[in-house]
Each structure stands twice: as structure tokens, then as C-alpha cells.
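Here is the structure we will look at.
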Amino acid sequence: MLMGSVCAVRAQEAENDTLYTAMLHEVYCYAPIKFKNKQQERFYWRTVRDVKKTLPYAKRINQAIIEAEDTLAQMTPKEKRRWWRKRERELFKEYEKDFRNMTASQGRMLMLLLDRESDRTSYELIQTFKSKFAADFWQFVAKLFKNDLKEEYDPKEKDRIVERIITLVEADQL
């Protein structure tokens with residue numbers, strides 16, 4: 001069954017014939033997952049749910065990071081502090097409700113996906129935009145809840161299932 005949708009249809013005239021061409025989305029085919037037990041299956045579908053919920057946030061946050069870095073690069077230290085405080089309040093106001101409604105596993109997934117999108121761990125991002133002290137403080141808080149802000153996204157080994165889910169979600173196949 002074809003899961004992609006038509007992106008563009010073009011008509012080309014060649015001599016006396018009209019040729020119609022359609023550009024389709026890529027379709028990814030993976031071997032079906034064989035779950036050892038119900039617990040493993042529940043974990044997989046919970047991961048699907050978490051990726052679907054957090055991937056759009058990770059992409060938006062990464063875009064905000066890029067924009068912030070571009071803006072901050074052109075400012076003096078005093079202007080940076082003032083701009084960053086204002087921007088932090090705006091972001092907090094915009095995302096607070098959504099983030100407070102996330103589960104712990106969704107928060108962990110968001111940190112992983114943010115590392116995937118920005119190629120920097122949450123610890124490095126906090127250290128870049130706040131301070132090493134703030135990064136160490138939040139790392140301590142994360143450790144209390146059995147998380148790690150320094151955890152890196154590993155699409156080849158540890159996070160290969162997450163990468164598979166992301167690929168299927170982005171292709172609109174899941």
C-alpha cells in the first residue's frame with residue numbers, strides 16, 4: 001500500500017504526446033517489529049506517542065536557538081542580557097502550559113530530540129544561553145529524577161528505534 005501522497009503533478013509535451021509526471025513522497029519500508037512481550041509493545045507505542053508529541057517542539061526550539069544565536073551575535077553583553085531575559089519570558093509564556101502537561105518520558109524524549117535537531121545536549125544549550133552554574137544546577141535536578149541533561153542522541157545504537165519512529169512520523173507513515 002502506498003502511504004505517500006502526491007507532491008506535484010506536471011504535464012510535459014514531447015512532440016505530439018503529453019506526459020504526466022507525479023512526484024511522490026518517499027515511502028520507507030521496515031521489517032515488522034516482533035515484540036517479546038506486551039510490556040515491550042506498550043513501551044514502543046508509548047515511544048511513538050512521545051515522539052509525535054515532542055518532535056514538533058524540538059524543531060521549533062531548534063529554530064528559536066538558531067534565531068537567538070544570530071541575534072545575540074550582533075549585540076553587546078549588556079544588550080544580550082536584556083534581550084535574553086525578555087526572550088526567555090516570551091518563550092516561557094508560550095510553552096509553559098504545554099511543557100507542564102508533558103509526562104516525564106515526554107520531557108526526556110524532548111531532550112533527546114533537541115540533541116538530534118541541534119546536535120547539542122540540553123546541558124550544552126543551558127550552558128551556552130545561561131551559565132555553567134545554571135547548567136550544573138539543572139543537571140543536578142535532572143539527576144534527582146533519573147534523567148541526564150548530558151545524554152546524547154545515538155541514532156545508530158541506543159536510539160535506533162526512536163530514529164525509525166521519527167523517519168516514519170516525518171514521512172506521515174505512522
Query raised in the report: Is Lys130 salt-bridged to Glu88, cutoff N-O under 4.0 Å?
Result: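 So Lys130 pairs with Glu88 through a salt bridge.
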Report task. Decide, yes or no, whether a salt bridge links Arg160 with Glu163 under the criterion of side-chain N to carboxylate O below 4.0 Å. Result -> no
Query raised in the report: Just by modelled atom types, is the Thr121 backbone N or O under 3.5 Å from a matching donor or acceptor in the Glu124 side chain?
Result: yes
Query raised in the report: Partners of Arg49 by side-chain contact (heavy atoms from CB on, under 4.5 Å), sequence neighbours excluded?
Result: Arg46, Thr103, Ser105, Gln106
Query - Under the side-chain contact (heavy atoms from CB on, under 4.5 Å) test, residues paired with Asn101 that sit two or more places apart - result: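 Partners of Asn101 by the side-chain contact (heavy atoms from CB on, under 4.5 Å) criterion, ordered by chain and then number, come out as Lys97.
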Query - side chain to side chain contact (heavy atoms under 4.5 Å, CB included) assessment of Met109 paired with Thr47 - result: CA-CA 8 Å; Met109 184 62 64; Thr47 303; 3.8 Å; yes
Can you list the residues that meet the ring-ring contact (aromatic ring centres under 6.0 Å, His included) rule with [X], with sequence neighbours excluded?
X      : value
Tyr153 : none
Trp83  : none
Tyr44  : Phe35

Under the side chain to side chain donor-acceptor pair (under 3.5 Å) test, residues paired with [X] that sit two or more places apart:
X      : result
Arg42  : none
Asp159 : none
Glu69  : Arg120
Glu79  : Thr76

**Report entry** Residues Asp148 and Gln139: side-chain donor-acceptor under 3.5 angstrom
**Finding:** yes
Report task. Answer with yes or no whether the hydrophobic clustering places Ile161 together with Leu174; edges join I, L, V, M, F, W, Y residues whose side-chain heavy atoms lie under 4.5 Å apart. Result ->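 Per the 4.5 Å side-chain linkage, Ile161 and Leu174 are co-clustered.
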Query - Validation row: Arg164, Thr167 side chains within 4.5 angstrom (heavy atoms) - result: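 No, too far: nothing below the 4.5 Å cut-off.
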Query - Side-chain cluster (under 4.5 Å, hydrophobic types only) that Leu149 belongs to, other residues - result: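 Noted: Leu149 shares its cluster with Met111, Tyr123, Ile126, Phe137, Trp138, Phe140, Val141, Leu144, Phe145.
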Query - Residue pairs passing the salt bridge (Lys or Arg N to Asp or Glu O under 4.0 Å) test where at least one lies in residues 99-115, sequence neighbours excluded - result: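 Found Glu96-Arg100, Arg108-Glu151.
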Query raised in the report: What pairs meet the salt bridge (Lys or Arg N to Asp or Glu O under 4.0 Å) rule with one or both residues in residues 52-66, with sequence neighbours excluded?
Result: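 As it turns out, the salt bridge (Lys or Arg N to Asp or Glu O under 4.0 Å) pairs with a partner in residues 52-66, which skip direct neighbours, are Lys59-Glu117, Lys59-Glu170.
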**Report entry** More than 12 heavy atoms of other groups within 6.0 Å of Phe43 CZ
**Finding:** no
